[in-house]
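What you see below is based on every heavy atom in this structure, not just the backbone, and it leaves out hydrogens, waters and symmetry mates. Read the numbers this way: they start at 1 and go in the same order the structure lists the ligands and their atoms.
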Amino acid sequence: MPDPALDFPGSWDEIAAARAAALRVTLDLAATRHPLTCRKLAEAGLTRADIATPADLARLPITTKAELMARPEDALLDLDGAAVPEEQRVTWDTMHTTGSSSGRPTPFVSTTSDFWDILILQRRMLEIRGVTQDDRIANLFPLTRHPHGAFIRVLHAAAALHIPVVSALPGNPGPGFAVGQELDGVVHTLARTRPTILWGVPSYMRRVVARAGELGVALPDLRLVFVTGEGLSEEGRGDLLARLAAIGAPDARVSISYGMTEIQGGLVECAAGHGLHNPHPEAIAIDVVDPVTHAPLPDGEEGLILLSHMRRRGTLLLRYAVGDLGVRSTAPCPHCGRVTERILGTPRRADDLTKIRGMLVNPVLALAAVEGVAAVRDFRFEISRSGALGMDEFVLLVVAEPGVEALLAKRVKDAIGVTPRVVLAERIEGESWKAKRWVDQRA
Ligand SMILES: [Zn+2]
């Protein structure tokens, strides 16, 4: 029996109808009960009546990440005394962004009905990635001090598809936490539970798979590796595949997710090279606009990626700039046939390019140059003003066997035109669950 709430919509007509119906109710509430929307309407000299359809949203000024971080409470719908069902008023959970240079993670609140939508989104993410009810997931995300969607939503994804999940609980978020595991413990958990899917951040995945190889642990049931939270270049993907082949999983596929706290999930690939699919188009709209004028751009042109929630009742964002530039397609996916928005290629930070010693460089290319070297277990670029006469000091810190320094320096120089000083390290300490590959200390 098909279930219209679970099955992927079949056409843009179906999606448009669902969005229009949901957004009408959301805007009726937001126009008086959502400080952020009230402010944006006033800014543009608009009233509720001026926004009749999802297309009219384009008249609303965009919301930036900085605005959300400054006043996250303004993005919360205040449904006190509103005539809405109880599940739309009850706070189910509060997750947080990873934090930022300012250090304070931004809260993202979900009501019970929002959580029900997250379950649909997570189930669809699995389906798009080719997961079946014969699969078993290994959750390799660490616990964090602030509740974060990465660890917890893996459990919910498994629940939504009614399949098993084991959490390896790597690392230790703080004193008093007693149930975490070191790397070898994580590998033994995998050997014992024989997952078909590994799910985590690429930098840690690389360490786990490399360590399994060193310990002679084979994981032949592995068929899918889900990575999110950090970028992964094609070189990085190739390296991970080679390491997987070495532990008995030569046919495993690496599947990339474009994760966003603001959807408590991510846009995912059905197959490599076919774009990052919006898994819940009835509830989430993805637009691409001109970075300067914020006017809508046609498919195929690169611009600012905007996100709009059609029916959230906790934190609600309309025309929210996630901070990346990307290229959208609304054509049916040529591989899986699904009708939804897809982001083609890899989105890049809107503020991506930086100068080192006067040269304009793209950090993404530097990362790719190092990710392609199999001997590298972990790495980080560090830029500071500690060079002679306050010049930029450009260091590549690597965990690897000695002897790769010259090769790495040359690869980075070829990629971006600037040669790093390569320094070998025992390990690279991180402050958050995401590996920071590019640390600019000059600001
Ligand atoms: Zn597809």
Side-chain angles (χ1 to χ4, degrees), residues 2-16 18-19 117-135 137 153-154 157-158 160-161 163 196-199 202 222-229 231-234 236-238 240-241 251-260 263-288 297-303 305-308 310 322 324-348:
D3 183 334
L6 272 182
D7 293 343
F8 216 87
S11 69
W12 273 113
D13 284 348
E14 215 178 297
I15 295 167
R19 284 182 181 176
D117 266 351
I118 290 167
L119 290 174
I120 295 176
L121 174 122
Q122 289 288 344
R123 178 173 164 128
R124 296 254 192 93
M125 284 171 66
L126 293 183
E127 288 171 343
I128 293 169
R129 294 171 125 174
V131 178
T132 73
Q133 291 193 318
D134 295 326
D135 279 305
I137 298 172
R153 299 304 181 210
V154 173
L161 199 60
I163 62 172
T196 62
I197 300 169
L198 299 183
W199 198 342
L222 273 187
R223 59 181 212 93
L224 287 166
V225 173
F226 293 168
V227 294
T228 191
L232 183 70
S233 61
E234 283 309 311
R237 193 197 293 246
L240 196 49
L241 288 173
D251 299 323
R253 248 181 340 109
V254 175
S255 168
I256 294 173
S257 168
Y258 177 38
M260 297 178 195
I263 68 170
Q264 288 297 295
L267 277 56
V268 290
E269 301 175 313
C270 60
H274 290 284
L276 300 153
H277 302 45
N278 171 5
H280 201 186
E282 306 98 306
I284 295 160
I286 305 285
D287 287 296
V288 169
L297 287 178
D299 277 12
E301 284 188 31
E302 186 183 63
I305 299 174
L306 299 188
L307 161 75
S308 295
M310 298 293 111
V322 296
D324 293 325
L325 297 168
V327 175
R328 186 186 68 166
S329 170
T330 51
C333 173
H335 185 78
C336 71
R338 287 184 178 85
V339 176
T340 186
E341 291 113 345
R342 286 173 299 129
I343 299 292
L344 306 179
T346 308
R348 60 189 182 99

CA sep, side-chain torsions, deciding dist, call: Arg124, Glu282, salt bridge (charged side-chain N to carboxylate O under 4.0 Å, His left out): CA-CA 12 Å; Arg124 296 254 192 93; Glu282 306 98 306; 2.7 Å; yes

Considering only NZ, NE, NH1 and NH2 on the basic side and carboxylate oxygens on the acidic side, decide whether Arg348 and Glu302 come within less than 4.0 Å. yes

Distance check below 2.8 Å: does Cys270 bring an N, O or S atom to the Zn ion (ligand 1)? yes

Quick check: does His277 have an N/O/S atom under 2.8 Å of the Zn ion (ligand 1)? yes

Reference residue Ile128; test side chain to side chain contact (heavy atoms under 4.5 Å, CB included); the match among Ser255, Ser257, Cys270: Cys270

Three-point angle Cys333:SG, the Zn ion (ligand 1), Cys336:SG, rounded to the nearest 10°: 110°

A cation-pi test, strictly: NZ or CZ of Arg19 under 6.0 Å from the centre of the six-membered ring of Trp12 and no more than 45 degrees from its axis. Yes or no? no

